[in-house]
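One structure below.
Below, chains carry the letters A, B, ... as their sequence lines are ordered, and counting in each starts from 1.
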Amino acid sequence: MAGKKLLLANDHIEGIRSLRVYRQHGGYQSLEKALKQMTPEQIVEEVKASGLRGRGGAGFPTGMKWSFLAKPEGVARYLVCNADESEPGTFKDRYLMERIPHILIEGMIASSFALGARTSYIYIRGEYFYVARILEQAIAEAYEAGLLGKNILNSGFDHDCYVQVGAGAYICGEETALLESLEGKRGNPRIKPPFPAVAGLYGCPTVVNNVETIAAVVPIIRDGGAAYASIGIGKSTGTKLISASGHLNKPGVYEIELGVPVEEFIYSDEYCGGIRNGKKLKAVVAGGSSVPILPAELILKTANGEPRLMSYESLADGGFASGTMLGSGGFIAMDEDTSIVKNLWNFSRFYHHESCGQCSPCREGTGWMEKILHKILDGNGTLADVDLLWDIQSKIEGKTICPLGDAAAWPVASAIRHFRKEFEEYVKNGKNIRDVKHYYRLNNLVEI
Amino acid sequence: MAKVTIDGITIEVPDGTTILNAARMIGGDIVPPTMCYHSKLKTSGGYCRTCLVKVSKGSEKDPRPMPKPVASCRTNVMDGMEVENLLSPEILEARAGVVEFLLANHPLDCPVCDQAGECDLQNLAYENGKVATRYEFQKREFEKIDIGDKIQLHMTRCILCYRCVKTADQITDGRVHGVLNRGDVSEISTYIQNAIDNDFSGNMIDVCPVGALTDKTFRFKSRVWYTKPVDAHRDCPKCSGKVRLWYKGEEVLRVTGRKDQYGEVQDWICNDCRYEKKNTSDWVIEGPSHVLRDSVISANHYESLKALKATIDRQRKGLPHGHKTTLGHGALDPNNTH
């Protein structure tokens with residue numbers, strides 16, 4: 001049976017992108033309810049009660065983040081929407097903004113009302129320029145309908161919302177780098193503290209939330225926090241958009257109730273419909289390229305043999321030794337023919353390219369790891385190189401200004417942890433491994 | 001006031017003091033090394049990660065340890081905080097890692113680098129680095145760039161500490177000096193090589209911890225340890241006029257700002273003092289500069305000789321009669337009567 005859908009319930013409706021159709025299907029009722037029947041404090045309480053957690057990757061409770069916002073007298077507050085969705089394997093925000101831009105705009109206005117923000121920004125990555133146009137169109141419609149601007153719906157609340165297009169840098173998805181970029185500076189992460197809740201955009205208290213998080217505020221206001229919290233499992237409440245990609249029969253964006261078993265998500269026809277071409281599953285990156293990769297047996301079942309669920313807690317079960325993270329929900333499945341080493345090199349190349357260059361471990365370490373992986377892939381690696389890789393990642397992890405260092409280190413660590421044999425195979429026979437699929441079949445290297 | 005314990009030594013410091021500055025108040029070996037932090041530059045620090053320390057107890061109120069190592073130059077102390085620097089093997093390991101990262105793409109051309117001998121990276125590597133590098137790939141290289149007619153930028157040696165960027169930002173007018181590109185190909189740039197003709201631009205040379213920014217009037221004139229630093233001052237209408245003159249014989253080879261024991265410039269000096277006043281008659285000489293004994297500049301240096309003699313005497317007394325020892329360079333000084 002199909003799970004409950006809160007964000008994508010109407011995504012199939014023709015013309016839902018326009019304000020008219022969106023309103024016909026119940027759009028902007030949450031905003032009306034928020035502005036006319038609720039106080040900002042009540043909205044924050046509802047979001048707290050909903051148990052909503054940041055959908056951008058870190059999973060920090062949104063209500064708590066909102067309540068941390070400093071509220072000094074006479075100082076502007078800002079809400080910034082992080083639409084710089086750059087994590088490889090993640091494309092849920094794009095889908096949502098493309099299809100139903102008004103749910104984001106509605107969430108932005110309602111959240112801004114809750115936070116007391118007179119102005120909000122949607123910072124969208126440069127590659128999504130056409131999505132930015134869609135959002136701008138939606139904002140223009142909202143202004144025309146009196147949903148933005150002065151005295152929204154006669155509530156006395158004024159609000160302006162702007163779309164800002166970035167230049168396409170992964171690092172600008174890190175909230176402080178995003179703020180720097182939004183201020184027109186080089187997108188370098190700031191050193192924290194101070195956190196954005198105290199000194200964010202232009203030095204003012206700022207909340208930065210992911211697109212999906214802000215959109216989720218709409219159903220929370222509509223149905224109440226308790227109703228939202230009743231969906232999901234444990235502390236993973238509500239629904240989550242998962243961007244499924246890789247060797248799946250039906251890749252795409254799925255809205256799941258948190259707590260769906262991973263096995264069901266991969267194999268059931270309601271979701272991904274199994275592995276393409278009847279092949280076996282080899283490994284899964286469950287939450288975007290930066291989270292640890294897990295082999296099939298560990299993604300389907302935890303180390304204790306319990307079925308693994310699509311939830312923050314269950315995916316993290318076992319720590320990094322045998323677990324991973326839900327992250328941003330970029331679910332990448334790899335079939336038995338996939339070369340983990342080659343895939344890792346691809347990830348490492350990405351992090352090398354995207355490192356901002358501010359702090360030394362990440363600046364020098366990411367490039368170094370990429371070069372070693374390239375060397376191994378070329379068949380010139382040694383076993384010492386594999387150990388060196390391990391050592392380098394351990395010296396990057398946790399020692400950098402922002403989490404990009406961790407994001408670059410975790411895939412390397414997990415690939416070596418779970419697939420060391422494959423690295424050794426490349427060291428021994430790398431020159432012969434030109435066609436990975438053929439080679440693996442020939443040598444029965446696929447163990448699962 | 002906040003009470004903080006660093007490597008078992010407790011000190012009370014004003015609120016808002018960073019861990020690094022608290023450690024400097026204690027002094028000695030427990031002070032974490034720094035490359036990018038410069039106390040005279042606002043918002044400097046946090047980039048190089050050499051000053052990482054472990055906070056094993058957050059504060060009296062919240063005794064939880066901090067989950068990750070923190071940059072001591074950018075983290076304020078809390079009352080009751082406990083910090084581990086030298087006592088933590090992880091931190092020493094992490095620091096050795098940072099040194100390796102900093103050296104990975106550094107050309108190690110010390111034999112032809114003007115900074116050698118007064119280079120923070122050299123000192124850091126000696127104290128915290130490993131004997132050999134494991135980096136076996138081609139190092140990145142950049143073309144040399146002239147920044148104005150007095151400063152040369154050799155990006156290949158740069159460790160991107162951002163000190164010069166902050167100097168350009170805070171000391172000079174107008175922002176012409178920034179960082180281009182990103183990641184390991186980032187480079188200090190002056191936006192299409194605009195000459196910096198600001199009166200204080202020369203200070204960027206002094207704040208550079210490596211040999212990336214060098215004084216073109218001094219390039220290849222002498223190794224720094226063959227020159228003798230002398231503190232001097234003049235009545236300068238633009239700056240404090242407190243400088244250090246570097247003599248070779250009777251000749252002033254260069255003029256720099258005065259650096260303290262942490263390699264930080266004490267007073268900014270203007271370009272007139274730095275480039276135009278290279279005669280002894282321009283200056284009021286104060287006397288030989290204090291140079292730390294472990295600096296290579298102190299080799300053959302007169303000021304440290306007394307201390308060296310005392311050390312040698314002490315050592316000799318502890319040794320059996322008639323036993324010959326190999327002495328340091330200072331002992332070979334003709335003025336040494338021993």
Residues forming a side-chain hydrogen bond (donor to acceptor under 3.5 Å, both in side chains) with A:Ser289, sequence neighbours excluded: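 Checked A:Ser289 against side-chain hydrogen bond (donor to acceptor under 3.5 Å, both in side chains); matches are A:Tyr351.
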Residues which pass side-chain hydrogen bond (donor to acceptor under 3.5 Å, both in side chains) with B:Thr156, listed by chain and number, not counting sequence neighbours: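 Checked B:Thr156 against side-chain hydrogen bond (donor to acceptor under 3.5 Å, both in side chains); zero matches.
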side-chain contact (heavy atoms from CB on, under 4.5 Å) partner of B:Val4, the single match among B:Val77, B:Ile19, B:Asp79: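 For B:Val4, the side-chain contact (heavy atoms from CB on, under 4.5 Å) check succeeds only for B:Val77.
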Residue of the set B:His154, B:Glu141, B:Arg140, B:Arg157 for which side-chain contact (heavy atoms from CB on, under 4.5 Å) holds with B:Pro107: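 Looking at B:His154, B:Glu141, B:Arg140, B:Arg157, the match for B:Pro107 under the side-chain contact (heavy atoms from CB on, under 4.5 Å) is B:Arg157.
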Leading residue by heavy atom contact count with chain B [cutoff under 4.5 Å; candidates A:Thr366, A:Thr400, A:Ile396]: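 When all of A:Thr366, A:Thr400, A:Ile396 are compared, A:Thr400 has the most.
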Ring center gap for A:Phe68 and A:Phe195 short of 6.0 angstrom: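 Between A:Phe195 and A:Phe68, which both carry aromatic rings, the centre distance is not below 6.0 Å.
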Parallel, tilted or perpendicular: ring planes of A:His374 versus A:Trp345, cut at 30 and 60 degrees: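 Ring orientation of A:His374 relative to A:Trp345: tilted.
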Parallel, tilted or perpendicular: rings of A:Tyr78 and A:Tyr202 (30°, 60°):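 Answer is perpendicular, since the angle exceeds 60°.
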Donor-acceptor contact present, side-chain B:Asp7 to main-chain B:Leu86, <3.5 Å: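 The answer is yes, because a donor-acceptor pair under 3.5 Å joins these two groups.
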Any donor-acceptor pair under 3.5 Å from B:Arg74 side chain to B:Gly45 backbone: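 Between the backbone of B:Gly45 and the side chain of B:Arg74 there is a qualifying donor-acceptor contact (under 3.5 Å).
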Interface residues of residues 384-395 of chain A facing chain B - heavy atom cut-off under 4.5 Å: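 Against chain B, the residues of residues 384-395 of chain A that fall inside the cut-off (heavy atoms, under 4.5 Å) are A:Asp385, A:Leu388, A:Asp391, A:Ile392, A:Lys395.
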Residues in residues 183-194 of chain A near chain B [non-hydrogen atoms, under 4.5 Å]: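 Within residues 183-194 of chain A, near chain B: A:Arg186, A:Asn188, A:Ile191.
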Full working for side-chain hydrogen bond (donor to acceptor under 3.5 Å, both in side chains) between A:Glu313 and A:Ser236: CA-CA 7 Å; A:Glu313 290 77 23; A:Ser236 303; 2.6 Å; yes
Side chain, backbone, both or neither: which part of [X] has a non-hydrogen atom closer than 4.5 Å to chain A?
| X | result |
| --- | --- |
| B:Tyr135 | both |
| B:Leu160 | both |
| B:Asn181 | backbone |
| B:Gln138 | backbone |

Steps toward ring pair (Phe, Tyr, Trp, His ring centres under 6.0 Å) verdict (B:Tyr37, B:Tyr47): CA-CA 8 Å; B:Tyr37 174 76; B:Tyr47 307 122; over 10 Å; no
Contact origin within A:Glu397 toward chain B - heavy atom pairs under 4.5 Å: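 The answer is neither part of A:Glu397.
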Under 4.5 Å from a heavy atom of chain B, the part of A:Ile372 involved: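 Answer is both: backbone and side chain atoms of A:Ile372 are under 4.5 Å from chain B.
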Pair B:Glu100 + B:Arg134: basic N to acidic O under 4.0 Å: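 Yes, charged N to carboxylate O under 4.0 Å.
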Option that, when pairs with chain A are counted at under 4.5 Å, heavy atom only, ranks first among B:Asn105, B:Val98, B:Val185: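 Option with the greatest count: B:Asn105.
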Distance-only side-chain donor-acceptor flag, A:Arg125 / A:Asn82, under 3.5 Å: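 Checked: A:Arg125/A:Asn82 side chains show no N/O donor-acceptor pair below 3.5 Å.
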